[in-house]
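Since the structure comes first, as structure tokens, the remarks are kept for the end.
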Amino acid sequence: MQTLLIATRNEHKTREIGQMLGSGWEVSDLNSLSHAPVVEESSDTFEGNAALKALTISRVFTGLVLADDSGLVVDVLGGAPGVHSARFAGERATDIENRFLLVNNLKEKGGSEFGARFRCVMVLASKGELLGSFDGMTEGKVILEERGYEGFGYDSLFIPAGYAETFGELQPEIKNSLSHRGRALAKVLEFLRS
Ligand code: IMP
């Protein structure tokens, strides 16, 4: 059994990563570690924030640490919400508030579909040392009406290219097989095997 600490308090990320890794892995996150530091995501890139999280947490806990920094990049909004996806509507915003703000901003632009992509950068670290950085991306479009209850975040508003359903409507296995997170994790696993 291999162990992996995910440097996140987002249980949705942990669940997806755990599902994708399968039974050979024991996955935990910061929710079970009350004394874990809160990492300020001060970088303006996914890479920078993922590295900050992985390094900070790997200095405090032993073992392999994986950080995931991810978000939705919408062309017509100049790349927003981007690295601010989790706190788009404010520091403690809920997913519902973030989606509401996104839809309102898009309504001002006119149209009903908007080119977008999900990005994910994963960084592996151990003992305060960076081991590697791995990215994944899923192209698609954002719509104005929510559809589906699967997933989290902006899933109910995002239709991946080549599909008619939103991530919120697709089964988790299908989302994982084509998601930004799944693609980044495949690179992480390839690195760990080599
Ligand atoms: P982070 O914790 O700073 O990496 O921000 C991640 C945020 O990006 C989440 O809170 C969601 O708002 C959004 N996000 C990232 N990945 C996904 C996904 O797979 N589905 C939906 N929203 C996502």
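Note that these values count all heavy atoms, side chains included, but never hydrogens, waters or copies made by symmetry. Everything quoted here is computed from the prediction, not taken from an experiment. Just follow the structure's listing: the first ligand is 1, and inside any ligand the first atom is 1.
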Heavy-atom nearest neighbour in the protein, as seen from atom 16 (N) of ligand 1, with distance rounded to 0.1 Å: R181 NH2, 2.9 Å

Straight-line distance of F158 CZ to E139 CD, nearest 0.5 Å: 7.5 Å

Top protein contact for atom 12 (O) of ligand 1, by heavy-atom distance: Y154 CE1, 3.1 Å

Atoms of ligand 1, numbered as shown, that sit under 4.0 Å from any heavy atom of G153: 21 (C), 22 (N)

Lys/Arg N to Asp/Glu carboxylate O, D68 vs K53, below 4.0 Å: no

salt_bridge(E165, R147) N-O dist < 4.0 Å: no

Min side-chain heavy-atom separation M122-I17 under 4.5 Å: yes

N/O separation below 3.5 Å, S70 to ligand 1: yes

Distance filter under 4.0 Å to K175 heavy atoms, resulting ligand 1 atoms: 18 (C), 19 (O), 20 (N)

Test item, D68 contacting ligand 1 (heavy atom, 4.0 angstrom): yes

Working for side chain to side chain contact (heavy atoms under 4.5 Å, CB included), residues V142 and Y154: CA-CA 9 Å; V142 169; Y154 301 93; over 6 Å; no

Within-shell test, H180 vs ligand 1, heavy atom, strictly < 4.0 Å: yes

Subset of ligand 1 atoms that lie under 4.0 Å from at least one heavy atom of D155: 18 (C), 19 (O), 20 (N), 21 (C)

K53, portion touching ligand 1 at heavy-atom distance under 4.0 Å: side chain

4.0 Å heavy-atom contact, S179 with ligand 1: no

Any R87 heavy atom less than 4.0 Å to ligand 1: no

Atom CZ of F152: over 12 foreign heavy atoms under 6.0 Å: yes

Ligand-side contact atoms (ligand 1) for residue partner E41, heavy atom cut-off under 4.0 Å: 3 (O)

Protein contact of atom 9 (C) of ligand 1 - nearest heavy atom, named by residue and atom, plus distance: F152 CE1, 4.1 Å

Per-atom contacts of ligand 1 with D69, taking only distances under 4.0 Å to non-hydrogen atoms: 1 (P), 3 (O), 4 (O)

Contacting atoms of ligand 1, where contact means under 4.0 angstrom from a heavy atom of S85: 7 (C), 8 (O), 12 (O), 13 (C)

SB check D135 R183 (cutoff 4.0 Å): no

Short N-O contact, E146 and R99, less than 4.0 angstrom: yes

Any F118 heavy atom less than 4.0 Å from ligand 1: yes

Side-chain H-bond candidate by donor/acceptor type, N176 with Q19, under 3.5 Å: yes

Step-by-step side chain to side chain contact (heavy atoms under 4.5 Å, CB included) determination, L192 to L64: CA-CA 11 Å; L192 290 174; L64 196 57; 4.1 Å; yes

Atom pair CD (E108) and CG (L77), whose distance is rounded to the nearest 0.5 Å: 9.5 Å

N98 heavy atom under 4.0 Å from ligand 1: no

K13, portion touching ligand 1 at heavy-atom distance under 4.0 Å: side chain

